[in-house]
Amino acid sequence: MSMEFDNNLPIYLQIMNRIKREIVTGKLKAGDKIPSVRELAAELQINPNTIQRTFQELEREDVVETRRGLGRYVTSEEAKIMTIKKEMAGDLLDSFIHGMQELGFSNQDIAVIVAEAVEAENKS
């Protein structure tokens with residue numbers, strides 16, 4: 001996992017989002033072991049404390065679980081993974097809709113543009 005970090009967002013949040021994206025896209029599956037703090041810190045070349053904070057937040061959100069003596073694993077709760085996926089989709093939609101509104105499109109225009117884009121995508 002290599003990453004380029006955005007200076008406008010805390011690194012631990014960027015790593016959290018990356019791990020969540022890997023979970024919802026299936027790169028990391030329910031029950032998969034995730035790298036240790038040391039492994040991930042070395043791979044990303046960042047402070048282990050940042051990774052530790054990332055993992056603590058992911059545990060707090062029930063995205064990962066710690067198994068004593070074995071490491072951290074992706075939650076096996078499929079419903080939780082689907083919730084994360086829907087939240088991420090909602091964030092993308094909010095950003096898209098607000099961007100389109102800033103460009104001057106009405107909600108009806110946005111719906112038509114999206115429908116046309118989906119139709120064009122289905123044809124290709």
Side-chain angles (χ1 to χ4, degrees):
M1 172 192 301
S2 64
M3 291 181 67
E4 287 192 31
F5 296 107
D6 178 357
N7 291 332
N8 298 319
L9 190 64
I11 291 174
Y12 82 94
L13 287 176
Q14 294 176 61
I15 299 168
M16 280 181 65
N17 290 335
R18 176 68 179 268
I19 291 171
K20 287 178 181 180
R21 183 174 299 273
E22 288 186 358
I23 292 169
V24 300
T25 60
K27 288 182 182 174
L28 285 173
K29 297 184 182 354
D32 279 359
K33 188 174 189 325
I34 60 175
S36 70
V37 169
R38 285 185 189 157
E39 292 170 336
L40 198 51
E43 187 177 331
L44 297 176
Q45 299 180 343
I46 59 173
N47 190 311
N49 292 333
T50 302
I51 302 298
Q52 184 63 35
R53 175 142 188 221
T54 300
F55 287 167
Q56 287 173 339
E57 290 298 317
L58 288 170
E59 284 181 25
R60 188 182 59 73
E61 292 181 11
D62 296 324
V63 175
V64 301
E65 53 194 40
T66 298
R67 298 181 189 162
R68 183 176 252 166
L70 298 174
R72 288 183 178 87
Y73 293 80
V74 174
T75 183
S76 54
E77 293 182 41
E78 293 292 336
K80 181 63 180 177
I81 294 171
M82 185 52 71
T83 299
I84 296 166
K85 192 172 193 171
K86 287 179 181 177
E87 287 172 358
M88 293 177 88
D91 291 343
L92 285 172
L93 283 170
D94 287 345
S95 177
F96 173 75
I97 291 168
H98 290 193
M100 294 295 283
Q101 288 171 338
E102 286 178 3
L103 292 174
F105 290 102
S106 69
N107 288 346
Q108 185 176 2
D109 293 337
I110 295 169
V112 169
I113 291 168
V114 169
E116 289 172 350
V118 169
E119 186 176 321
E121 183 68 25
N122 287 336
K123 289 181 180 177
S124 60

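- When the shell of 6.0 Å around NZ of Lys33 is examined, it contains more than 12 heavy atoms from other residues, nucleotides or ligands.
- Atom NZ of Lys20 is separated from atom OG1 of Thr25 by 14.0 Å, given to the nearest 0.5 angstrom.
- Here the options are Val37, Asp32, Leu58, the test is side-chain contact (heavy atoms from CB on, under 4.5 Å), and the partner is Arg72; only Val37 passes.
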| query | After noting the C-alpha distance and the side-chain angles of Ile15 and Ile46, does the key distance pass the side chain to side chain contact (heavy atoms under 4.5 Å, CB included) rule? | reply | CA-CA 11 Å; Ile15 299 168; Ile46 59 173; 3.2 Å; yes

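- Side-chain atoms of Glu39 come within 3.5 Å of backbone N or O of Ser36 as a donor-acceptor pair.
- Under the 4.5 Å side-chain contact rule for hydrophobic residues, Leu13 and Ile23 share a cluster.
- Checked by atom type and distance alone, the side chain of Ser124 pairs as donor or acceptor with a backbone atom of Glu121 at under 3.5 Å.
- Cluster annotation: Leu103 and Ile110 are assigned to the same hydrophobic cluster (Ile/Leu/Val/Met/Phe/Trp/Tyr, side-chain heavy-atom contacts under 4.5 Å, transitive).
- When side chains are defined from C-beta on, Glu61 counts as touching Met16, because their heavy atoms get closer than 4.5 Å.
- Within the cation-pi definition used here (under 6.0 Å to the ring centroid, within 45° of the axis), Arg67 qualifies as a partner of Tyr73.
- When all heavy atoms of Asn49 and Asn47 are compared, the pair lying nearest together is N-OD1, 2.7 Å.
- Across Ala30 and Glu78, no two heavy atoms sit closer than the pair CB-OE2, 3.4 Å.
- Minimum interatomic distance between Pro48 and Ala41 (heavy atoms only, all atoms of both residues): CA-CB, 3.8 Å.
- Under the 4.5 Å side-chain heavy-atom criterion for Ile, Leu, Val, Met, Phe, Trp and Tyr, Phe96 and Leu92 are members of distinct hydrophobic clusters.
- Formation of a donor-acceptor pair under 3.5 Å by the Lys123 side chain with backbone atoms of Ala120 is not found in this model.
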| query | Between Arg53 and Phe55, does a side chain to side chain contact (heavy atoms under 4.5 Å, CB included) hold up when you go through it step by step? | reply | CA-CA 5 Å; Arg53 175 142 188 221; Phe55 287 167; over 6 Å; no

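- By the 4.5 Å heavy-atom criterion applied to side chains, Ile51 and Leu44 are counted as neighbours.
- The CD1 atom of Ile11 lies 9.0 Å from the OG1 atom of Thr54; values are rounded to the nearest 0.5 Å.
- The only option from Thr75, Val24, Asp62 that meets the side-chain contact (heavy atoms from CB on, under 4.5 Å) definition with Ile84 turns out to be Val24.
- Asn107 and Gln101 share a side-chain donor-acceptor pair at under 3.5 Å.
- Distance check: Thr50 OG1 to Gln14 CD gives 11.0 Å after rounding to the nearest 0.5 Å.
- Once rounded to the nearest 0.5 Å, the distance linking OG1 of Thr83 with CE of Met88 reads 13.0 Å.
- For residues 80-108, there are no salt bridge (charged side-chain N to carboxylate O under 4.0 Å, His left out) pairs, not counting sequence neighbours.
- The NZ atom of Lys29 sits 15.0 Å away from the OG atom of Ser76 when rounded to the nearest 0.5 Å.
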| task | Kindly determine whether Val74 and Val63 satisfy side chain to side chain contact (heavy atoms under 4.5 Å, CB included), including the steps that lead there. | result | CA-CA 6 Å; Val74 174; Val63 175; 5.8 Å; no

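- Atoms CD and OG1, on Gln56 and Thr66 in that order, are 9.5 Å from each other to the nearest 0.5 Å.
- Looking only at side-chain heavy atoms (C-beta outward), Met3 and Arg18 come within less than 4.5 Å of each other.
- In terms of hydrophobic clustering, with Ile, Leu, Val, Met, Phe, Trp and Tyr side chains grouped at heavy-atom distances under 4.5 Å, Leu93 and Val112 are assigned to different clusters.
- Met82 and Leu28 fall into different hydrophobic clusters, where Ile, Leu, Val, Met, Phe, Trp and Tyr residues are linked whenever their side-chain heavy atoms come under 4.5 Å apart, directly or through other members.
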